[in-house]
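Written out below as structure tokens is the structure these notes cover.
Note on naming: letters A, B, ... go to the chains in the order of the sequence lines (proteins, then strands), and numbering restarts at 1 for each one.
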Amino acid sequence: MDYQFKDIEQKWQQFWANNGTFKAEDKSTKPKYYVLDMFPYPSGAGLHVGHPLGYIASDIFARYKRLKGFNVLHPMGYDSFGLPAEQYAIQTGQHPAITTEANIATYRRQLDQIGFSFDWSREVRTSSPDYYKWTQWIFMQLFNSWYNKDAEKAESIAKLVAHFEQNGSAGINAVCDEEILSFSAAEWKAMSNQDQQAELLKYRLTYLRESTVNWCPALGTVLANDEVKDGFSERGGYPVEQKKMMQWSMRITAYAERLLQGLDTIDWPEPLKEMQRNWIGKSTGASVRFPISGFGDVRTEVGNQATGHTNQKPGFIEVFTTRVDTLFGVTFLAIAPEHELVASLTTPEQKADIDAYIAQTKKKSELDRMADAKTVSGAFTGSYVLNPLNGEKIQIWIADYVLAGYGTGAVMAVPSGDQRDYLFAKHFNLPIVPIIDIQNIETEADPTKEGTYINSDFMNGLDYKAGTAAVIAKLEAIGAGKAKINFRMRDAIFGRQRYWGEPVPVYFKEGLPYLIEEDHLPLLLPEVDKYLPTESGEPPLGRAEGWNYKASPKSSPKERTSDSEADNSLSLGEGRGEAYAYELSTMPGWAGSSWYWFRYMDANNDKEFASPEAIAYWKDVDLYIGGSEHATGHLLYSRFWNKFLKDIGKVGEEEPFKKLINQGMIQGRSNFVYRLIDEEGRGTNTFVSYGLIKEYKTSPLHVDVNIVENEVLNLNKFKEWRPEFADAEFILENGKYICGVEVEKMSKRYYNVVNPDDIAQRYGADTLRMYEMFLGPLEQSKPWNTNGIEGVFKFLRKFWRLFHNEAWEFSVSNNEPSKAELKSLHKIIRKVEEDIERFSFNTSVSSFMIAVNELTDLKCNNRAILQDMVIILSSYAPHICEELWTLLGNPAGTLSYAPFPKFNSSYLIEDEFAYPISINGKMKMNLSISLSLDVKEIEATVLANADVQKYLDGKAPKKVIVVKGRIVNMVV
RNA sequence: GCUCAGAUGGUGGAACUGGUAGACACGCAGGACUUAAAAUCCUGUUCCCGUAAACGGAGUGCGGGUUCGAUUCCCGCUCUGAGUACCA
């Protein structure tokens with residue numbers, strides 16, 4: 001029979017599903033290998049041809065590893081909480097769970113049709129209560145933990161409380177809020193429970209914090225950054241303002257150093273690691289306190305005065321600097337317009353100036369401020385600080401180049417060393433003091449670290465290293481500063497004012513958050529009448545009627561587990577306690593994806609997020625494939641949660657993803673037709689072929705790429721495409737209509753979306769899989785282009801034909817394979833092994849073509865050779881290979897676990913090599929010489945050759961370079 | 001601006017540690033089969049000159065360098081893509 005891909009593919013997809021062919025074993029004597037894809041958000045649009053790229057690559061790898069004798073875990077699931085479903089729900093009233101379910105069904109059908117070897121028995125959905133129960137559980141563990149800097153790990157809050165009870169706050173080195181109290185053990189015990197809880201919240205790894213959000217009053221909701229364009233909501237175009245709200249946050253900054261160090265231990269693409277390093281943004285420097293002039297004593301204990309009495313201003317301004325050695329060059333202090341001390345520092349004479357400046361900066365959008373980076377602006381507050389080292393009076397300015405969100409929101413300005421400070425000083429006529437002997441500050445700042453200090457009191461004559469050490473020592477001695485490491489990364493906000501997300505397992509009592517009891521998990525998402533905020537601006541969960549928490553004060557957990565798990569949120573034991581309001585915000589999109597790889601290890605466990613045994617066996621992800629757009633989101637949060645789970649002893653590895661590969665983006669490739677414009681400037685119904693548009697006046701028009709092949713427009717299909725083109729006319733070149741091409745994002749509105757369903761229909765899944773790989777290196781971004789797909793399809797037919805005679809009857813011979821056949825086979829064995837190990841899938845597709853071309857030329861129909869070929873090709877084109885495998889007489893379903901053929905180098909040994917003979921580096925001819933000859937003999941053979949002599953024109957070469965088995969080069 | 005990645009025929013791309021540039025495929029041209037078309041098969045296909053071949057010259061974004069030999073290494077530049085945004 002001819003190659004009937006449709007029947008074959010359907011048959012085997014069915015077989016795999018019915019037989020659970022790809023089910024990973026939980027216990028195995030085989031070594032484990034975990035291949036993971038970034039799971040998709042199931043959008044309504046379904047998959048386009050770009051999505052499966054990474055999945056195909058990982059599937060080839062997973063199948064290959066099975067052939068190599070590994071117990072492979074290759075799961076798939078859905079990141080199914082998210083905004084689009086909620087948006088759709090708002091518009092249609094349809095429950096997001098329903099649309100999500102429908103979208104998942106589409107995704108599943110599309111994925112199945114490509115023939116992936118996923119273990120679907122482990123599927124996860126982040127929006128399923130069995131799953132988000134454990135997301136909530138991890139949240140609870142974070143709530144019950146604090147970060148001990150001395151131990152460099154998270155520890156339980158109970159341990160912190162025990163310490164407070166014994167020693168008070170002394171001896172605690174924690175990552176926590178700025179304004180913590182210091183107290184003795186007795187003082188702690190004397191505190192009310194309320195006060196104790198308030199204090200503990202400052203230490204918890206997930207905590208409440210006031211944060212600024214994009215608030216859209218018209219929509220009554222908070223928007224994500226990418227939903228805001230130029231200060232207006234993307235949807236509807238309503239104004240968006242910055243609003244402060246109490247929000248859940250994650251103390252990811254506690255892990256900043258470990259997140260940074262860990263990068264050196266994992267095999268990720270360098271650009272991606274660099275992105276994370278920049279995001280974490282570690283800088284080493286010092287914090288320095290500048291006493292405010294005329295304020296009295298400098299207070300050295302931050303904790304003492306920061307008890308929340310906001311009307312009392314501290315006696316100093318703290319700055320962070322990476323160049324503390326330039327402290328004697330400070331000639332003014334610049335603070336952010338939003339800095340909390342601005343009001344109290346502004347003198348009555350300067351108030352008008354300052355107010356005007358603040359008003360001006362507020363008006364500027366972020367975009368303006370960016371575009372305006374070169375313009376110097378600022379205003380003098382009228383107040384001064386003193387240089388802590390020499391008591392010199394220094395003006396305090398506000399300037400919008402200082403960002404409130406970074407460091408302390410204040411900068412010590414050193415115009416001689418920093419270009420921005422220099423421009424500022426020039427503009428406002430402030431002094432510029434050189435502090436290094438070789439500094440040249442005629443026209444711009446000179447940030448050199450060479451030379452020795454001048455104008456710097458006790459530092460004079462010292463170099464950078466000694467000077468820096470001396471300043472820090474001095475600052476520490478007088479309590480005005482210390483060495484400090486600063487991170488750019490901020491704590492992550494962990495709350496969304498949305499419906500379609502995980503409810504936060506917290507209720508409020510007297511304004512403070514408490515966890516619900518663990519056996520009340522999962523806290524189910526309640527039903528609401530509408531998916532919009534309430535009239536009073538509360539998140540959608542505020543609409544849920546009777547949705548509140550009634551703790552059961554003394555009910556034992558054992559008693560509770562017998563309760564039905566499903567309905568514990570709404571019908572908790574009447575009268576068993578007071579009702580408390582639940583947290584109304586839900587978790588952000590990244591919550592569910594920050595631990596999902598553990599769930600796959602033991603997806604159906606209802607006792608734990610995954611059993612310790614499963615985690616001990618599967619450990620971590622060996623290979624993770626996904627897009628680089630998740631560099632600073634998902635991939636950072638996942639590493640953070642992984643480290644946390646390790647700290648509390650639940651998992652064993654410090655890093656979740658040992659090796660990571662970024663697949664490139666598949667861009668769209670748009671086609672254009674050119675509509676002729678008539679003399680009045682109106683569009684006609686005549687279209688000019690691309691090559692002729694210079695001769696006419698035309699306007700380009702996107703045309704559906706699916707009716708264009710190799711840039712040639714299918715005229716009939718074009719006429720059918722839209723009614724207005726039914727009687728279109730064409731000006732052709734060489735009898736064809738050639739379309740223009742441009743690379744754009746793949747999007748419906750450009751008519752350049754290619755659906756994998758269409759490709760699978762027309763050519764089959766095996767062709768689609770191989771073609772996506774053939775397109776180019778996996779990591780590279782490239783436009784989708786169907787132009788070459790015929791070649792891949794033809795290759796598979798050619799492969800099929802090796803097993804069939806002229807009449808398309810299956811026919812293989814049992815003869816001894818010939819030397820040439822064995823050579824072809826072992827060449828491809830080695831090539832595919834090498835290529836897969838280095839993720840160079842495109843080159844193996846070419847090599848398969850070469851191998852099949854060779855075997856076709858050899859008229860090979862040898863069983864031994866062809867059976868090995870089937871195994872090698874099966875990870876790329878599994879359906880056709882399964883079919884041929886059974887035709888060869890093997891039991892169905894055994895191919896996936898067949899042993900990968902062993903490479904034998906002896907078949908490739910050559911006794912001759914066709915040496916390229918070059919003169920002055922230019923290749924002139926080939927000469928076959930025995931490989932047994934040594935360098936001298938080769939040289940003699942070459943020089944004795946008559947053709948070589950012709951090139952040399954009878955002269956002796958000046959020099960002869962012979963590289964055995966490679967090349968001969970003669971210099972004349 | 002900074003950081004990273006990249007630039008090879010008409011097109012996608014190959015050349016893995018410096019050693020025959022353009023593998024493989026698409027497209028195109030010519031041919032075979034066919035009443036014809038489709039499908040299939042065969043031949044050619046970097047460019048320029050030579051209007052057939054042999055042969056000669058140029059050639060991996062641009063300009064230099066190292067080397068017997070550079071797509072590959074070094075220096076300078078141009079362009080494209082991605083990330084980031086006054087980070088003290």
Side-chain angles (χ1 to χ4, degrees), chain A residues 2 269-275 277-279 281-283 285 319-324 326 334 336 366 369-370 372-376 399-403 405-414 417-421 423-424 486-488 628-629 631-632 662 664-665 667 709-712 734 741 743 771 774-777 779-792 794-795 797-798 801 831 834-835 838 840 842-851 853 914-926 957-963 965-972:
Chain A
D2 197 355
E270 203 44 54
L272 198 101
K273 289 198 203 178
E274 200 56 34
M275 267 191 245
R277 283 192 196 103
N278 292 339
W279 186 264
K282 179 179 181 175
S283 46
V319 305
F320 174 74
T321 176
T322 53
R323 288 298 300 274
V324 69
T326 62
E366 233 171 88
R369 248 165 107 161
M370 248 150 66
D372 236 19
K374 297 254 156 60
T375 328
V376 177
D400 66 1
Y401 77 85
V402 183
L403 307 175
Y406 182 74
T408 59
V411 175
M412 60 174 233
V414 185
D418 181 282
Q419 185 60 16
R420 282 169 326 199
D421 298 346
L423 291 172
F424 196 90
N486 203 41
F487 291 97
R488 195 185 84 114
S628 60
E629 66 270 23
T632 51
N662 285 132
M665 238 208 305
Q667 294 147 310
E709 204 164 331
N710 286 315
E711 273 46 283
V712 179
N734 304 326
V741 183
V743 172
Y771 184 60
F774 189 56
L775 224 42
E779 278 121 313
Q780 209 170 290
S781 283
K782 55 226 156 199
W784 175 262
N785 184 345
T786 326
N787 285 356
I789 197 163
E790 291 281 345
V792 173
K794 277 193 244 173
F795 155 75
R797 270 195 92 201
K798 215 166 167 180
R801 219 169 44 193
K831 178 72 176 155
E834 282 174 1
D835 283 353
R838 64 189 173 107
S840 175
N842 56 323
T843 49
S844 1
V845 178
S846 305
S847 307
F848 278 125
M849 292 175 171
I850 294 170
N853 287 347
Y915 279 89
I917 310 296
S918 47
I919 291 174
N920 293 337
K922 280 268 167 209
M923 211 277 279
K924 294 294 174 188
M925 59 178 284
N926 282 105
K958 274 191 219 141
K959 192 172 175 188
V960 181
I961 294 110
V962 177
V963 183
R966 283 232 184 254
I967 201 168
V968 177
N969 188 21
M970 284 169 289
V971 187
V972 294

Separation between NZ (A:Lys831) and OG (A:Ser840), nearest 0.5 Å, reads 6.0 Å

### A:Arg966 backbone acceptor or donor facing A:Tyr915 side chain under 3.5 Å
no

Exercise for the section: Scan side-chain atoms only and decide if A:Asn969 and A:Ser918 contain a donor-acceptor pair under the 3.5 Å cut-off. Expected result: yes

- salt_bridge(A:Arg277, A:Glu270) N-O dist < 4.0 Å: yes

- Assign the ring pair A:Phe320 / A:Tyr406 to parallel, tilted or perpendicular, where the plane angle (0 to 90°) is split at 30° and 60°. perpendicular

Can a donor-acceptor pair be found, under 3.5 Å and without considering hydrogens, that links the side chain of A:Lys782 to the backbone of A:Pro777?
yes

The nucleotide from B:rA88, B:rG12, B:rC24 with an atom nearest the side chain of A:Thr321 is B:rA88

Does A:Ser283 offer a backbone N or O that forms a donor-acceptor pair with the side chain of A:Asn486 under 3.5 Å?
no

I want to check something: taking the side chain as every heavy atom from C-beta on, are A:Val971 and A:Ile961 in contact at a cut-off of under 4.5 Å? yes

Winner on side-chain proximity to A:Met849, out of B:rA25, B:rU84, B:rA88, is B:rA25

The answer to which of A:Asn486 and A:Glu274 contacts RNA chain B further toward the 5' end, by nearest nucleotide, is A:Glu274

- Message: Tell me whether the side-chain N/O atoms of A:Asn853 come closer than 4.0 Å to OP1 or OP2 in B:rA25.
- Response: yes

Q) What interatomic distance, in whole Å, is found between C1' of B:rU17 and the corresponding atom of B:rG27? A) 35 Å

Same-atom distance (C1') from B:rA58 to B:rA5, integer angstrom:
30 Å

Readout for nucleotides 41-49 of chain B: B = base within 4.0 Å of protein heavy atom, S = sugar-phosphate only, - = neither; 5' to 3' it is ---------

- Query: Are A:Lys924 and A:Ile917 side-chain neighbours, meaning at least one heavy-atom pair lies under 4.5 Å?
  - Reply: no

Classified by glycosidic angle (syn within 90° of 0, else anti), B:rG81 comes out anti

Q: Report which part of the nucleic acid A:Phe774 touches: base, sugar-phosphate, or nothing (heavy-atom distance under 4.0 Å, all strands).
A: base

Letter by letter from the 5' end, nucleotides 14-22 of chain B scores (B base, S sugar-phosphate only, - none; protein heavy atoms under 4.0 Å) SSB--BBS-

One should read off an interatomic distance between A:Asn842 CG and A:Gln780 CD, to the nearest 0.5 angstrom, of 8.5 Å

inquiry  = What's the gap between B:rA82 and B:rG10 when it is taken at their P atoms, as a whole Å value?
reply    = 26 Å

**Message:** In whole Å, measure the gap between the C1' atoms of B:rG18 and B:rU72 for me.
**Reply:** 6 Å

Among B:rA5, B:rU40, B:rG12, the one nearest any side-chain atom of A:Arg797 is B:rU40

With heavy-atom distances below 4.5 Å as the criterion, would you say the side chains of A:Val792 and A:Met849 are in contact?
yes

Dot-bracket for RNA chain B, 5' to 3', Watson-Crick and G-U pairs with both distances under 3.5 Å, [ ] for crossing pairs, | for partner on another strand, reads (((((((..(((......[....)))((((((.......))))))(((.......)))..(((((..]....))))))))))))....

